[in-house]
> 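Okay, handing you the structure first.
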Amino acid sequence: MTDASWKLIDKWKNKPQGQVWRVRDARGRSGFFKFAYPEQWYNAGPLVGNEWIATALAEKLHLPCASVEITELTDGPHCLHGIVSLPRQGVHLFSWNRAPEQIRTNPPHYLRDFDHLLDVIAFDVWLTNIDRGSGKNIILYRDHAMYNWYLIDHAYCAYGCDRKWQPAKWTELYWKQVWQFYHIPRGWLQFIKPERLLRAAQKIAALPERSIAELIATVPDPLYSQSIKDQVTTMLLTRKQELGEILTTWIHYQGTKESRV
Ligand SMILES: Nc1ncnc2c1ncn2[C@@H]1O[C@H](COP(=O)(O)OP(=O)(O)OP(=O)(O)O)[C@@H](O)[C@H]1O
Ligand SMILES: [Mg+2]
């Protein structure tokens, strides 16, 4: 996952939670280089490590994600450590929230494997991802008569950032009450099949503990410090056992579960 040949095209986004620069490599591939300056820690946390571990875990669950490459980019005197998210090349890409109305109102008809996309709810809840509801982080593209999808932007998964834990520490009830921190994209609720969602939770629960611990241990230095690795390991191993119960509570919850945007 490491490659040092990326060159800056433009400094596209500069936000409290990190930078996104457009980059290109010698092979002509384009990418989105994400990183944060040390002074952005409160809002950004170890975003590169979060992206890396979430992508690796999604792979284990066969959830299509953008490929990512850890890289260093030189900007004047600075050597920046970040991650490049690779867009699918040669196709027109758009995010779920920008999809035509007919796709958003009848996704099973237009999207390949929409049921599997709904499994992302179990994944996000496991990783306490607070950033899916807007639909910006689900990318679609046309493939013959249907649309394919893949996931991007896992900066707020797992450790996230210190700001994420302001409402409550990961051990508190707040993070078991999904509606407090997570909304599904607008329009999805009618398509959720509880048995399927609970099966997705079971698949996560069935991931061998050792394989998760080993994966977290291999997050490259210095993306996660040892104490962050320890916290993320305990958190993910604990939450995977509780996931069925957490999702059952959410399924029965009668309040707002969909994003309003
Ligand atoms: N692999 C990818 N495929 C398609 N688009 C991508 C990919 N990676 C990043 N992008 C685009 O770059 C934008 C910014 O990337 P990302 O979401 O990871 O960062 P962000 O800091 O959350 O920015 P934003 O607030 O725009 O979401 C995305 O919203 C998307 O438009
Ligand atoms: Mg984003």
Side-chain angles (χ1 to χ4, degrees), residues 1-3 6-25 27-59 63-71 73 80-100 103-104 111-112 117 120 123-124 127-143 147-164 181-186 223 259-261:
M1 287 216 220
T2 304
D3 187 310
W6 293 96
K7 301 274 178 299
L8 175 66
I9 303 296
D10 68 349
K11 297 180 180 179
W12 189 36
K13 287 174 192 260
N14 169 5
K15 298 188 301 179
Q17 65 270 35
Q19 316 289 316
V20 185
W21 293 359
R22 285 187 278 224
V23 292
R24 193 175 295 282
D25 76 353
R27 288 153 57 187
R29 295 181 305 166
S30 57
F32 299 90
F33 176 67
K34 293 184 71 173
F35 73 100
Y37 292 110
E39 56 272 24
Q40 295 183 290
W41 178 262
Y42 177 76
N43 290 298
L47 80 86
V48 181
N50 298 335
E51 294 271 8
W52 192 95
I53 195 68
T55 304
L57 290 169
E59 264 168 30
L63 279 169
C65 275
S67 303
V68 292
E69 288 183 4
I70 291 167
T71 194
L73 199 76
L80 306 165
H81 299 272
I83 199 152
V84 177
S85 172
L86 290 147
R88 178 143 189 130
Q89 309 278 312
V91 282
H92 173 63
L93 302 173
F94 53 95
S95 49
W96 170 270
N97 56 318
R98 299 269 169 90
I103 297 182
R104 278 184 288 121
L111 259 60
R112 194 158 281 139
L117 175 55
V120 78
F123 176 74
D124 285 338
L127 267 62
T128 60
N129 183 12
I130 55 177
D131 202 12
R132 190 76 70 194
S134 71
K136 263 170 59 173
N137 296 327
I138 301 162
I139 303 293
L140 309 182
Y141 62 93
R142 195 174 183 123
D143 179 19
Y147 289 83
N148 282 338
W149 54 268
Y150 65 89
L151 310 171
I152 63 163
D153 190 358
H154 297 98
Y156 285 127
C157 288
Y159 185 83
C161 59
D162 289 352
R163 185 174 60 84
K164 172 175 157 182
F181 67 91
Y182 183 78
H183 289 104
I184 55 175
R186 194 154 48 86
L223 305 187
S259 168
R260 291 207 170 85
V261 296

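The first residue of the sequence shown is numbered 1, and numbering continues consecutively from there. Whatever order the structure lists ligands and atoms in, that order sets their numbers, starting from 1.
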> Ignoring angles and geometry beyond distance, decide whether Lys136 reaches within less than 3.5 Å of ligand 1 through its nitrogen or oxygen atoms.
yes

> Using heavy-atom distances only, which candidate in Trp12, Tyr156, Phe33, Phe32 approaches atom 13 (C) of ligand 1 most closely?
Trp12

> Between Trp12 and Phe33, is the gap from one ring center to the other below 6.0 Å?
no

> Specify the protein heavy atom at minimum distance from atom 1 (N) of ligand 1: its residue, its atom name, and the distance to 0.1 Å.
Ser85 OG, 2.9 Å

> Is the ring centre of Tyr156 less than 6.0 Å from the ring centre of His154?
no

> N/O to N/O below 3.5 Å, does that happen between Arg88 and ligand 1?
no

> Is it true that the side chains of Asp124 and Tyr182 contain a donor and an acceptor less than 3.5 Å apart?
yes

> If you check every N/O/S atom of Asp153, which is the one nearest the Mg ion (ligand 2)?
OD2

> Run down the list His154, Gln89, Lys13 and name the one with the heavy atom closest to atom 26 (O) of ligand 1.
Lys13

> On a heavy-atom basis, I'd like to know which of Asp131, Asp153, Ile139, Ile152 is closest to atom 29 (O) of ligand 1.
Ile152

> Among all protein non-hydrogen atoms, which one is nearest to atom 18 (O) of ligand 1, and what is the separation to 0.1 Å?
Lys34 NZ, 2.7 Å

> Looking at Asp143 and Arg112, does any basic side-chain N land under 4.0 Å from a carboxylate oxygen?
yes

> Establish, from distance only, whether the side-chain atoms of Asn43 and Arg163 form a donor-acceptor pair under 3.5 Å.
yes

> Can you say whether the rings of Tyr150 and Tyr141 are parallel (under 30°), tilted (30 to 60°) or perpendicular (over 60°)?
tilted

> Identify the protein heavy atom lying closest to atom 23 (O) of ligand 1, giving its residue, its atom name and the separation to 0.1 Å.
Lys15 NZ, 2.9 Å

